[in-house]
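All figures in this text were calculated on a predicted structure; none of them were measured in a lab.
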Amino acid sequence: MNVLQQERRYLLLLVSAVMNQKKVPVMSGSLMPWRTIYRLADTNQVANLCWLGILGLSSEIDKEVKDLFYESYQRELKNVSGYQGAQEVLRWQLERKQIHFLILEGVELRELYPQKEMRKMDCIRILVSKGDLPRIDTLMRSMDYEPQENREDDGILYYKIPGVYVMFYDKIKFVNQKLERYFDSPVRMYSRKKGYRYLRCFDKEEAYLYMAGRAANDYALGRATVRTVLDFWLYERARKEELNWPYVDKVLKKHRILEFSERLLKLGDIWFQNGISDEPEIYNAMEAYILSKGEQGRQLSGKILPLLQDVADFYKRDRRREWMNREKEALFPPRDYMEGLFPVLKKFPSLYSLCCLLRLFRIWFSKVKQFFAGKRDWLKEKLKPEKDREKELLDSQEENEKNIRME
């Protein structure tokens, strides 16, 4: 076993021991690069959980690294009340503003864990109608949330001190376009949550399909983490007695993620329950793929999740959308830019489309003018008498010789 495999294996042993409330296997501190293990745990969103496992290993770990694990745990411990309170206020405010909404991922996921602070919260994800987004922005700013740049997806991200993130979506998006269409219903069409007028919710089967689709999406994009597997594995264990499995399997099979979901759950058994498989090659590849962020084990992973082949199409679609947006901006520039070209727009905004056409005409006329000017110069050159061309050539040669003598 190489050093990298040793670090990954020990991290998984650590998470498994904590989840099963067992003693963590002790290894000599001189053999374990704890700083690297912390970085790996933090990247996989389980550093806070790992703190509970290393409490009894104080003599084996450098104090500075141990403090990093402790700070991660303390941060989530404080966030338990922070996110709980934030979600309750958001629910109350959205109800008061009569905005239909559905909480895609919230503090309920923490209920799956033995202790709430064991589940790291990155943000609350909420689905709303596209037409309500301007009202959402006004509402969030009034509650002291600040807009943040979102590099993950198309969600609109807000942040509030001391550390609460909320993401709003007007559509549930997946790399798998068929699965995206499955969830392509207006938010108000989902079931109303008991006791509320505007809060919507998935039914049990829809919620499971969303969790499976989200895990498959993250896996295909190389974003899956140990927490991704742990969330899905715990969710299935908590809900498996309630679900209509023939229907769930039918939908998963139709959208080509049935085998993947089954194997991801089996990987959870191997990681967190010391399960054994007769296909170690596949699960080793899945493990390597997740812990290397998609750099290793890709070939075998592509066999169990055809969605990996769709990722290239996903990025192609994304580039095509960017190109279309650039073309649209070229045809219809921002209003402030147009007001600089046509001050009349400040008084008469309704003339924006007409001014855009006038701008395009000016650009076209300028290019036509340049074209004919070039043709005119070329024609003049062609029609110039031979003697004049020879004289110009001699003059040019004399000028060059003069310059050379001066040098």
Side-chain angles (χ1 to χ4, degrees), residues 1-84 86 105 107 109-124 152 159 161-165 218 222-235 267-268 270-274 287-293 295:
M1 182 183 294
N2 61 40
V3 175
L4 186 58
Q5 287 176 324
Q6 179 182 330
E7 294 164 1
R8 293 171 178 175
R9 181 54 49 194
Y10 191 75
L11 172 65
L12 295 172
L13 287 173
L14 193 58
V15 175
S16 176
V18 173
M19 292 304 299
N20 291 290
Q21 299 181 346
K22 292 183 179 180
K23 189 175 180 181
V24 176
V26 179
M27 296 184 72
S28 173
S30 61
L31 298 176
M32 295 302 297
W34 281 104
R35 189 173 295 277
T36 304
I37 290 174
Y38 168 77
R39 285 198 295 266
L40 192 60
D42 188 51
T43 302
N44 281 276
Q45 301 177 311
V46 290
N48 56 307
L49 184 151
C50 289
W51 162 252
L52 297 172
I54 66 173
L55 282 172
L57 305 177
S58 56
S59 61
E60 304 292 329
I61 307 175
D62 179 74
K63 183 180 183 302
E64 186 178 346
V65 178
K66 188 177 180 182
D67 287 345
L68 292 174
F69 280 104
Y70 176 70
E71 288 168 9
S72 180
Y73 175 78
Q74 282 294 313
R75 192 159 48 245
E76 289 309 311
L77 191 61
K78 292 176 182 177
N79 277 345
V80 168
S81 58
Y83 269 98
Q84 185 71 44
E105 296 176 36
V107 297
L109 289 172
R110 283 184 152 167
E111 303 294 337
L112 301 172
Y113 289 72
Q115 296 171 219
K116 292 181 179 180
E117 67 273 15
M118 290 169 66
R119 204 274 180 177
K120 179 179 173 63
M121 284 288 295
D122 49 5
C123 71
I124 298 171
E152 179 184 330
Y159 170 75
I161 297 173
V164 176
Y165 290 88
D218 288 346
R223 297 176 184 166
T225 62
V226 173
R227 196 199 70 181
T228 303
V229 182
L230 194 51
D231 279 355
F232 186 51
W233 184 73
L234 289 172
Y235 190 87
L267 183 65
I270 295 170
W271 281 1
F272 312 125
Q273 271 198 333
N274 299 317
E287 179 180 309
Y289 181 87
I290 292 171
L291 296 176
S292 69
K293 294 298 179 184
E295 294 180 3

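For Asp42, the salt bridge (charged side-chain N to carboxylate O under 4.0 Å, His left out) test picks out no residue, with sequence neighbours left out. With sequence neighbours excluded, no residue forms a salt bridge (charged side-chain N to carboxylate O under 4.0 Å, His left out) with Lys23. Every residue meeting the side-chain contact (heavy atoms from CB on, under 4.5 Å) condition with Tyr70, not counting sequence neighbours, appears here in chain and number order: Trp51, Gln74. Shown here are the ring-ring contact (aromatic ring centres under 6.0 Å, His included) partners of Tyr165, two or more places apart in sequence or in another chain: Tyr159. Scored by the side-chain contact (heavy atoms from CB on, under 4.5 Å) test, Ala288 finds Arg8, Gln296 as partners (sequence neighbours excluded). The side-chain contact (heavy atoms from CB on, under 4.5 Å) search around Thr228 returns Ala215, Asp218, Ala224, Thr225, not counting sequence neighbours. Arg110 meets the side-chain hydrogen bond (donor to acceptor under 3.5 Å, both in side chains) test with Glu76; sequence neighbours excluded. Under the ring-ring contact (aromatic ring centres under 6.0 Å, His included) criterion, Tyr83 pairs with no residue at all, not counting sequence neighbours. Among residues two or more places apart in sequence or in another chain, the salt bridge (charged side-chain N to carboxylate O under 4.0 Å, His left out) test is passed with Arg35 by Glu64. Annotation: ring-ring contact (aromatic ring centres under 6.0 Å, His included) contacts of Trp233 (sequence neighbours excluded): Phe272. Looking at residues two or more places apart in sequence or on another chain, you find no salt bridge (charged side-chain N to carboxylate O under 4.0 Å, His left out) involving Glu71. Scored by the side-chain contact (heavy atoms from CB on, under 4.5 Å) test, Leu12 finds Arg9, Val226, Trp271, Glu287, Leu291 as partners (sequence neighbours excluded).
Within 6.0 Å of the NZ atom in Lys293, the count of heavy atoms belonging to other residues, nucleotides or ligands exceeds 12.
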### Message
Run the side chain to side chain donor-acceptor pair (under 3.5 Å) test on Tyr38 and Asp62 for me, step by step, so that the C-alpha distance in whole Å, both residues' side-chain angles and the decisive distance to 0.1 Å come before the verdict.
### Response
CA-CA 11 Å; Tyr38 168 77; Asp62 179 74; over 6 Å; no
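Contact annotation: the side chain of Arg119 never approaches that of Glu117 to less than 4.5 Å [non-hydrogen atoms, C-beta and beyond]. Between Leu77 and Lys116, every side-chain heavy-atom pair lies at or beyond the 4.5 Å cut-off. Annotation: side chain of Leu112 is not in contact with side chain of Leu230 (no heavy-atom distance under 4.5 Å).
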